[in-house]
Protein chains: 2
Amino acid sequence: MPRPASLSALQRRAEEVALLLKSLSHPVRLLAVCELMKGERSVGALEAATGAPQPTLSRDLARLRREGIVKARRQSKSVYYRLSDARAARMIDALCVAFGPETRKKRSAR
Amino acid sequence: MPRPASLSALQRRAEEVALLLKSLSHPVRLLAVCELMKGERSVGALEAATGAPQPTLSRDLARLRREGIVKARRQSKSVYYRLSDARAARMIDALCVAFGPETRKKRSAR
DNA sequence: TCTTATATATATCAAATATCGTTTTTGACA
DNA sequence: TGTCAAAAACGATATTTGATATATATAAGA
């Protein structure tokens, strides 16, 4: 059985994907990124969308920035964020398909 | 503007999904769960599939067990694991669509 | 210009959690 | 009893999180 496409290649990919998963594995960051899927948003708007206290949100946005997932632009008083990572966008898309806002509780687990 | 479908409902869903993301946000766990998508596997087989040292893998499997993502069954010397959470399966499916083993590096981020 | 208000960012601290390597146990057999 | 396979127990270090306080940038007034 020829280990599919080399173990270490899989491991590298897994690490990459795992990092991205970790970035999104916090409710505030997840909600923020979901909101950004709809388009550019100010911090204030994200605050409203996530319900997170401002310093918390700011810190999480800083993290997403560092990780290259979002980019910021300042316009006078406000700072506007937007998604800047296609991988993250694809992941969110996929998650929405799988768990979309309307997902019925199928209880099909076994 | 009627906050879409109640903020707190979104927050609850986000927390749920974020927990799942966190469970899978580690290379070893991610690889193990991916392997289990193909069917039941012994710890030994998972060890080979993930390349992780036995105690590490065991620890991660224990965590997935606690979180209800996998179930174990002992057959004589070996222990066989299988996926037991449809949500996790759906998520992996989604990830595979988004990042499938053959994903080209599209570099479409901007 | 000096002040004040608003929006956002950064800093700090303690508690909780995660991760990793190593060692020790346990369970099921031969 | 000896031996595998797998789990659990340790111990060290690092990261995350939430709360709270403080700082910066820009704009608007007096």
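Order of the sequence lines fixes the chain letters, A, B, ..., with proteins taken first and strands second; residue numbering starts at 1 for each chain. Predicted, not measured: the structure shown is a model, and the values here were computed from it.
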- Task: Determine the minimum heavy-atom distance between B/Ala32 and B/Leu57, stating which atoms define it.
- Result: CB-CD1, 4.5 Å
- Could you list where the contact with chain B starts and ends along DNA chain D, reading 5' to 3', using a 4.0 Å heavy-atom cut-off? D/dA5 to D/dA8
- Message: Give me each pair satisfying salt bridge (charged side-chain N to carboxylate O under 4.0 Å, His left out) with a member in residues 44-57 of chain A, each pair once, sequence neighbours excluded.
- Response: none
- Query: At how many degrees, to 10°, do the end axes of the helix from C/dT1-D/dA30 to C/dA30-D/dT1 meet when each uses five pairs?
  - Reply: 0°
- Not counting sequence neighbours, which residues clear salt bridge (Lys or Arg N to Asp or Glu O under 4.0 Å) with A/Glu40? List them please. A/Arg73
- Note on the structure: Across all chains, not counting sequence neighbours, the side chain to side chain donor-acceptor pair (under 3.5 Å) partners of B/Arg41 are B/Glu35
- Task: Identify the heavy atoms of B/Tyr81 and B/Leu36 that sit nearest to each other, and give their distance.
- Result: O-CD2, 3.4 Å
- A/Asp85 and A/Gly68: which non-hydrogen atoms are nearest, and at how many Å? CB-O, 3.6 Å
- Task: Please list, chain by chain and in numerical order, all residues satisfying side chain to side chain contact (heavy atoms under 4.5 Å, CB included) with B/Pro55, sequence neighbours excluded.
- Result: B/Pro53
- Could you give all pairs that pass the side-chain hydrogen bond (donor to acceptor under 3.5 Å, both in side chains) test and reach residues 21-32 of chain B, with sequence neighbours left out? B/Ser23-B/Glu67, B/Arg29-B/Asp60
- Message: Does A/Tyr80 reach a base, just sugar-phosphate, or nothing at all? Heavy atoms under 4.0 Å.
- Response: nothing
- Does A/Arg65 have any salt bridge (Lys or Arg N to Asp or Glu O under 4.0 Å) partners at least two apart in sequence or in another chain, and if so, which? none
- With sugar-phosphate taken as primed atoms, P, OP1 and OP2 and all else as base, the protein-contact string of nucleotides 18-28 of chain C at under 4.0 Å (heavy atoms; B, S, -) is SSBBBB---SS
- Task: Indicate, with yes or no, if B/Met37 and B/Leu30 share a hydrophobic cluster defined by side-chain heavy-atom contacts under 4.5 Å among Ile, Leu, Val, Met, Phe, Trp and Tyr.
- Result: yes
